[in-house]
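Keep in mind it's a predicted model, so treat the numbers as computed, not measured.
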Amino acid sequence: MPAKTRLEQIEDMLQDEPNDPELRYMLAMEHASLGNDAAAVDCFQDLMGRCPEYAPGFHQGARAMLRINRMDDAKAALRQGIPAALRVGNEHAAGEMQELLSSLE
């Protein structure tokens with residue numbers, strides 16, 4: 001039996017911990033690293049809905065949206081992510097998202 005891919009391993013872990021934000025983030029990033037930005041965006045949107053305080057999801061989700069030409073969605077994600085990051089004291093993430101948003105406007 002062939003070894004499971006990283007994607008399959010993450011999906012298996014999510015069966016046990018479906019609301020773990022880090023696992024959801026890892027799943028989205030794995031899709032992105034495989035070049036499947038549409039699936040990554042779906043995963044990031046799921047993460048944003050489940051864990052609205054998980055700032056990295058908004059930032060990387062916006063980047064994935066940009067790669068598939070969803071500019072308005074990317075801007076909306078950044079506008080949600082900046083205050084989310086500030087609420088949890090993640091000024092670095094808020095600054096990076098603000099910089100990206102400013103470059104898009």
Side-chain angles (χ1 to χ4, degrees):
M1 184 159 125
K4 289 188 176 186
T5 66
R6 180 167 164 78
L7 185 67
E8 291 169 331
Q9 292 172 4
I10 296 167
E11 288 171 339
D12 286 349
M13 288 186 280
L14 275 167
Q15 294 297 314
D16 296 328
E17 298 289 335
N19 293 314
D20 184 315
E22 291 178 358
L23 286 175
R24 295 235 164 249
Y25 181 80
M26 289 169 53
L27 180 64
M29 292 300 289
E30 187 64 17
H31 278 293
S33 72
L34 294 171
N36 190 348
D37 287 315
V41 166
D42 289 343
C43 292
F44 281 122
Q45 288 179 315
D46 183 49
L47 173 60
M48 290 180 239
R50 289 175 186 256
C51 308
E53 302 302 315
Y54 196 77
F58 290 94
H59 186 198
Q60 292 301 322
R63 290 188 173 283
M65 290 170 189
L66 289 173
R67 289 192 298 270
I68 59 172
N69 298 315
R70 289 177 52 182
M71 176 78 75
D72 291 340
D73 291 334
K75 289 179 185 179
L78 294 167
R79 288 186 186 113
Q80 287 180 292
I82 293 165
L86 292 173
R87 280 193 299 275
V88 297
N90 192 340
E91 293 179 19
H92 177 75
E96 285 186 342
M97 286 187 277
Q98 184 59 60
E99 188 175 310
L100 179 57
L101 181 59
S102 295
S103 76
L104 300 174
E105 296 182 325

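Side-chain heavy atoms closer than 4.5 Å link hydrophobic residues (I, L, V, M, F, W, Y) into clusters, and following such links, even through other members, never connects V88 to L86.
Under 4.0 Å is where a charged nitrogen must lie from a carboxylate oxygen, and between K75 and E105 no such pair does.
Grouping Ile, Leu, Val, Met, Phe, Trp and Tyr by side-chain contacts under 4.5 Å, direct or through others, puts M26 with L7, I10, M13, L14, L23, L27, L34.
Applying the ring pair (Phe, Tyr, Trp, His ring centres under 6.0 Å) test to every pair with at least one member in residues 45-73, sequence neighbours left out, gives these pairs: Y25-Y54.
Of all non-hydrogen atoms in E8 and T5, the two that sit nearest each other are OE1-N, 2.8 Å.
Note: L101 CG to E96 CD = 13.5 Å, rounded to the nearest 0.5 Å.
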Contacts table for residues 40-52: side-chain donor-acceptor under 3.5 angstrom, sequence neighbours left out:
unit_1	atom_1	unit_2	atom_2	d
D46	OD1	R50	NE	3.1
D46	OD2	R24	NH1	3.1
D46	OD2	R50	NE	3.0
R50	NH1	P18	O	3.3
R50	NH1	N19	OD1	2.7

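Surrounding CD of Q9 are more than 12 heavy atoms belonging to other residues, nucleotides or ligands, all under 6.0 Å away.
Residues meeting the side chain to side chain donor-acceptor pair (under 3.5 Å) test with S102, sequence neighbours left out: Q98. When the side chain to side chain contact (heavy atoms under 4.5 Å, CB included) test is applied to A93, the partners found at least two apart in sequence or on another chain are A55, A85, N90, M97. Residues satisfying the side chain to side chain donor-acceptor pair (under 3.5 Å) test with E30, not counting sequence neighbours, are R6.
Contact of the P83 side chain with the R87 side chain is registered, since non-hydrogen atoms from C-beta on lie closer than 4.5 Å. Two residues are said to be in side-chain contact when any heavy atoms from C-beta on lie closer than 4.5 Å; H31 and D37 fail this criterion.
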